[in-house]
Number of protein chains: 2
Amino acid sequence: MTPPDLVTRFRAGDPRALARAITLAESGLDTARPVLRAARERPDRAVVLGVTGSPGSGKSTLTDAMIAALRARGERVAVLAVDPSSPYSGGAILGDRIRMLRHHGDPGVFVRSLASRGALGGLSPRTLPVLALLEGASFDWVILETVGVGQSEVDVAAVCDHTLLVVTPAGGDGVQAFKAGIMEIADVIAVNKADLPGADRTVRELLAAQGLGAHDEHTWFAPVRRTVAQKGEGVEALLEAVLAHRAHLGEEGLHARRAARAEFEVRTLVQERVLRRAREVSGDLYARVARGELDADAAADALLAG
Amino acid sequence: MTPPDLVTRFRAGDPRALARAITLAESGLDTARPVLRAARERPDRAVVLGVTGSPGSGKSTLTDAMIAALRARGERVAVLAVDPSSPYSGGAILGDRIRMLRHHGDPGVFVRSLASRGALGGLSPRTLPVLALLEGASFDWVILETVGVGQSEVDVAAVCDHTLLVVTPAGGDGVQAFKAGIMEIADVIAVNKADLPGADRTVRELLAAQGLGAHDEHTWFAPVRRTVAQKGEGVEALLEAVLAHRAHLGEEGLHARRAARAEFEVRTLVQERVLRRAREVSGDLYARVARGELDADAAADALLAG
């Protein structure tokens, strides 16, 4: 596929052109630029929904249930499953996602896993062009799901139109989310496994906690919806809550979210370049700072001067 | 206090000189450099222990119990309580730390809270010079405690000699830590609130989980210790486990940890400068990337060129 071909076929919704463009973008190759530009220029773009929540909350099962519900509505869905994983293990926890393979062969569903992670523990900057390609391809919804660990939770909220926080009634998940400040990144909250004891209390606590925060007449209170993802229960109401948030954002709000995604991408690219530069500089630099022979500020200057 | 005075009095262990030096370092003032250099040149430096774990695990109570146990041994202790908090709320969860105030008036205990956070959600780069000052002051132990949210957990492990992970028997904390890859950053693990049901199982699971990972004859398996922080139980054994890890690290390992701290500081300083530069550039930059008018790579180049 020549580059002009790739753009034409991407615009026409050819899944092979999309797959090829993603591969180019993931590799950070310059040849991805024209198709990436085409994706960003597209006026009617997908609903970009981030799904976050602690491990074990059932994010993957809920994503799978949302795919099924969206397909029943005739919507085309792409899922980007990102696993920044532990910065220490470098592994990928993709087991739960295997269930999504049942959509394999449905041309209205596209699932891609990225095991990449950023140099700083969160999302890799290469996730963003992939997300932009999916957003500007012929999908109605793009769901970005991570394993929900550390920085990646915050990152997901920074790069999506809507952030869905998944909690469970078990272990005071809701209260922990509140304490940890994670709840504040949620636009919509699913109390999943709502057939377990304590679901009502969790819903009440989540609603009460939101009322405690600073708010005025423009504040969006994240709707709290009960779901039982394994049975597909409550998923319709959850999707409606996401669309309600989209209406609340409006065109202006969506433009701002897209600019925030671009900002995230540019910033992480800058950081990666600086880190690469740091590796090229004498390996003794940090030891000299540690011994008091060189100021940290002077070392930072040296790295930025290149 | 003139700068040479400050260095002399800092070296002599004057707590007012330390407090003044910290204020200068927190503000990022150049006048902090001489005293910071003096702190880093000091040969006998403190044990730097990071304390992490999910909210509600009892980190502050355990830190308080460790202070009491260390004071009983005649050791001088500094605590740096860092609350990077939510990048969204910007608030500080310091309530639990109020108990530490009971050590107020004991000249062998120094407690400082920092509500600062880094531009990227983790520890602020200004935390590091403060940590270096405490490490090079006349303390035997420096305990760095965070609220244990997101990136700050990973950061704590990156900047301390030893990382203590605090879990509880409740809610499958141990298994969650393992799933989330947090356990891998632990050098020592405390199963706190060990008088609650399930403590034995949690200890067994944590030990078993470590055996599953890749290891050879040099691998350090994090000792798992039962504690009941509110009664001071198990704290002696916990401190011994930290000292065992210190012996395992040896001089070379400690030098490497100090270089890692310096690296963290320099890298975060670089990132902050780049972000500042980005704010100075046209505010339209990111919107242009979002609309496909400018490549993200080109935007990153523009920011780095300054």
Side-chain angles (χ1 to χ4, degrees), chain A residues 30 33 36-41 54-56 85-89 93 120-122 125 128-129 147 149-151 153-154 170-172 176 179-182 184-185 255 258-263 265-267 269-271 273-275 278 285-287 289-292 295-297 299-300 303-304, chain B residues 30 33 36-41 54-56 85-89 93 120-122 125 128-129 147 149-151 153-154 170-172 176 179-182 184-185 255 258-263 265-267 269-271 273-275 278 285-287 289-292 295-297 299-300 303-304:
Chain A
D30 286 348
R33 293 187 180 194
L36 200 49
R37 220 174 289 133
R40 287 186 158 130
E41 283 165 356
S54 55
S85 197
S86 157
Y88 296 86
S89 75
I93 310 170
L120 299 157
L128 274 289
V147 291
V149 174
Q151 189 59 25
E153 282 182 303
V154 177
Q176 294 297 357
K179 273 196 181 175
I182 293 297
E184 300 169 53
I185 65 177
H255 282 307
R258 278 175 198 142
R261 281 205 271 292
E263 179 172 351
E265 182 179 351
V266 174
R267 281 186 175 187
L269 281 174
V270 166
Q271 286 155 17
R273 283 174 203 202
V274 168
L275 293 184
L285 186 76
Y286 301 126
V289 173
R291 288 195 299 265
D295 290 314
D297 284 284
L303 287 180
L304 273 173
Chain B
D30 286 348
R33 292 189 181 194
L36 200 50
R37 220 174 288 131
R40 287 188 158 130
E41 283 166 355
S54 54
S85 196
S86 156
Y88 298 87
S89 76
I93 310 170
L120 299 159
L128 275 289
V147 290
V149 174
Q151 189 60 23
E153 284 183 301
V154 176
Q176 292 298 355
K179 272 196 180 175
I182 293 297
E184 300 168 53
I185 66 178
H255 282 307
R258 278 174 197 142
R261 281 206 269 292
E263 179 172 351
E265 183 179 350
V266 174
R267 281 186 175 188
L269 281 174
V270 166
Q271 287 156 18
R273 284 175 201 201
V274 168
L275 293 185
L285 186 76
Y286 301 125
V289 173
R291 289 194 299 265
D295 290 316
D297 285 283
L303 288 180
L304 274 173

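In the text below, chain A, chain B and the rest are named by the order of the sequence lines, each starting its count at 1.
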Carefully, step by step, assess A:V289 and B:R261 under the rule side chain to side chain contact (heavy atoms under 4.5 Å, CB included).
-> CA-CA 9 Å; A:V289 173; B:R261 281 206 269 292; over 6 Å; no
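Note that CZ of A:R291 is 8.5 Å distant from NE2 of B:H255, once rounded to the nearest 0.5 Å.
The two residues A:A262 and B:A290 have their closest heavy-atom pair at CB-N, 3.7 Å. A pairwise comparison of heavy atoms in B:A259 and A:Y286 identifies O-CB, 3.6 Å as the closest pair.
Of the listed residues (B:R37, B:R258, B:E263), the greatest number of heavy-atom pairs within a distance under 4.5 Å of chain A belongs to B:E263. Chain A forms more heavy-atom pairs under 4.5 Å with one residue of B:L128, B:L36, B:V266 than with any other, namely B:V266.
Contacts between B:D30 and chain A at a heavy-atom distance below 4.5 Å are absent for every atom of the residue.
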